[in-house]
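The next block holds one structure in the form of structure tokens; read it before the comments.
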Amino acid sequence: MTTHRTAGEEGPRPLLNRRLAEFGTTIFAEMSALALRTGSINLGQGFPDTDGPEEIREAAVRALRDGRGNQYPPGPGVPELRTAIAEHQRRFHGLAYDPDTEVLVTAGATEAIAAALLALVEPGDEVIALEPYYDSYAASIAMAGGVRVPVTLRPHELAFRLDLDELRAAVTDRTRLLLINTPHNPTGTVLTRAELAAIAELAVERDLLVVTDEVYEHLAFDGEHVPLASFPGMRGRTVTISSAGKTFSFTGWKVGWVTASPELISTVRSAKQFLTYVSAGPFQYAVAEALRLPDAYFDGLRDDLRAKRDLLSDGLSAAGFAVHRPAGTYFVTTDIRPLGEEDGFAFCRALPERCGVVAIPNAVFYDHRDEGAPFVRFAFCKRVDVLEEAVARLKSLAP
Ligand SMILES: Cc1ncc(COP(=O)(O)O)c(C=O)c1O
């Protein structure tokens, strides 16, 4: 492929533009390829190895057969799903949203995050994100021309915590928005009511917008998930994002959503309409049914994953890792220093050969790579027999 030079630049011009230069390839692709090549158990990427409820799968088949959603659905999402999202927000969080003006269906949470940032951020605006951060945040901020300002969660008594003074100090006159994630991937931290109240106070005081990624809203094992939008002064300044992928174990359907004020929804929609316009027609009807499943479903999902968290966390402890037992999500972050290791990258690259398990070095989720160097993330959204086998293999690492 030929490239051409821009005046004043030396050498061939790279194909990938400057905004995305640092996001060329992801560690997930490298690690998944390694898992395949070595026949390893892949606890790297966070997708369940069992599909969600059979009746919801059938609902998707039915929608497809009945010809619902096979053509472009309405831009904001099908009314059935928007109504179900509004009902869900009221049922679980006591938050009232108008399905016609305050709900937007997206192609997964990923598109919602990208659309929110593309719509709200001017080039040069600062966006504060909790570090380590889910990898699409950095790329979306970059695509919007924003400046990433990480605030680092640090281990404290085996849980990663937010330093509220540091967060406060990170706000400048150029700060446009806070990008929050709770329950938090990859640390498993669930921000407490007091922490969220402090974030809300700061946002109100400095008149900031907040984009909050709550895709693990149903996966808080210890403590409770409280939506940021429920705090005083937050309803009108908060873009809340969630997704069916994690809650219903259909990550491939890519059905996500945004709830916010009418002004914020129409702003986010301005960007979203030119990303995908619409997506996942028949799946939208199925997710509408999923959101109305009885409490037993949501409790069962959480109980199942709590047991898996304990199984993998105990196994990792027995293998010699220091385990930051997650309060939420389906990831567990470990510290490899008790194993005599310091470099998570080197450790993860060697792990498949050493014991047939794949994990992800948390450093990829950091700007301050040194801070993340000794941490390694394992996913536990896998079948019990798979986790038991992984634990048995990891035992060989024990010093
Ligand atoms: C924190 C967080 N946000 C968003 C996503 C992506 O969600 P979706 O598949 O709905 O785009 C993930 C998936 O791993 C995630 O961990």
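As the structure is a computational prediction, the values presented were derived from the model and not from experiment. Order of appearance sets the numbers: ligands from 1, and atoms from 1 within every ligand.
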message: Counting only heavy atoms not in E54 (residues, nucleotides, ligands), do more than 12 fall under 6.0 Å from its CD?
response: yes

- prompt: N/O to N/O below 3.5 Å, does that happen between N185 and ligand 1?
  reply: yes

message: Between R393 and E389, does any side-chain N to carboxylate O distance fall below 4.0 Å?
response: yes

message: Pairs of nitrogen or oxygen atoms closer than 3.5 Å, one from A109 and one from ligand 1: do any exist?
response: yes

- prompt: Applying a 4.0 Å heavy-atom criterion (strictly less than), which segment of K254 is in contact with ligand 1: side chain, backbone, both, or neither?
  reply: side chain

Under 4.0 Å to a heavy atom of G108 - the qualifying atoms of ligand 1, by number: 10 (O), 11 (O)

message: I'd like to know if K308 pairs up with D304 as an ion pair, taking the criterion as any Lys NZ or Arg NE/NH1/NH2 lying under 4.0 Å from an Asp or Glu carboxylate oxygen.
response: yes

task: Select one of side chain, backbone, both or neither to describe which atoms of N181 lie under 4.0 Å from any atom of ligand 1, heavy atoms only.
output: side chain

- prompt: For atom 10 (O) of ligand 1, what is the nearest protein heavy atom, given as residue, atom name and distance?
  reply: S243 OG, 2.6 Å

field: Nearest-neighbour protein heavy atom for atom 13 (C) of ligand 1, which is reported as residue plus atom name and distance
entry: K246 NZ, 2.8 Å

- prompt: What do we get for E111 next to ligand 1 when only non-hydrogen atoms under 4.0 Å count, side chain, backbone, both or neither?
  reply: neither

task: Linking directly or through intermediates, with side-chain heavy atoms under 4.5 Å: list the remaining ILVMFWY members grouped with V268, chain and number order.
output: L104, I113, L117, L120, V121, V127, Y133, Y134, Y137, I141, L177, L179, L209, V211, V239, I241, V258, L264, I265

message: Run H218 and H225 through ring pair (Phe, Tyr, Trp, His ring centres under 6.0 Å) and show every step you take.
response: CA-CA 8 Å; H218 287 287; H225 168 68; 8.4 Å; no

Region of T110 that comes within reach of ligand 1 [heavy atoms, distance under 4.0 Å]: both

message: If we only consider heavy atoms of D213, is any one of them less than 4.0 Å away from an atom in ligand 1?
response: yes

message: Please confirm whether F47 approaches ligand 1 to less than 4.0 Å, judged on its heavy atoms.
response: no

task: Using ring-ring contact (aromatic ring centres under 6.0 Å, His included) as the criterion, list what pairs up with F321, not counting sequence neighbours.
output: F347, F378

Lys/Arg cation over aromatic F47: K382, 6.0 Å, 45° cone: yes

message: Starting from atom 12 (C) of ligand 1, what is the nearest protein heavy atom, named by residue and atom, and what distance separates them?
response: Y134 CZ, 3.4 Å

- prompt: Would you call R235 and E102 a salt bridge, taking side-chain N to carboxylate O under 4.0 Å as the test?
  reply: yes

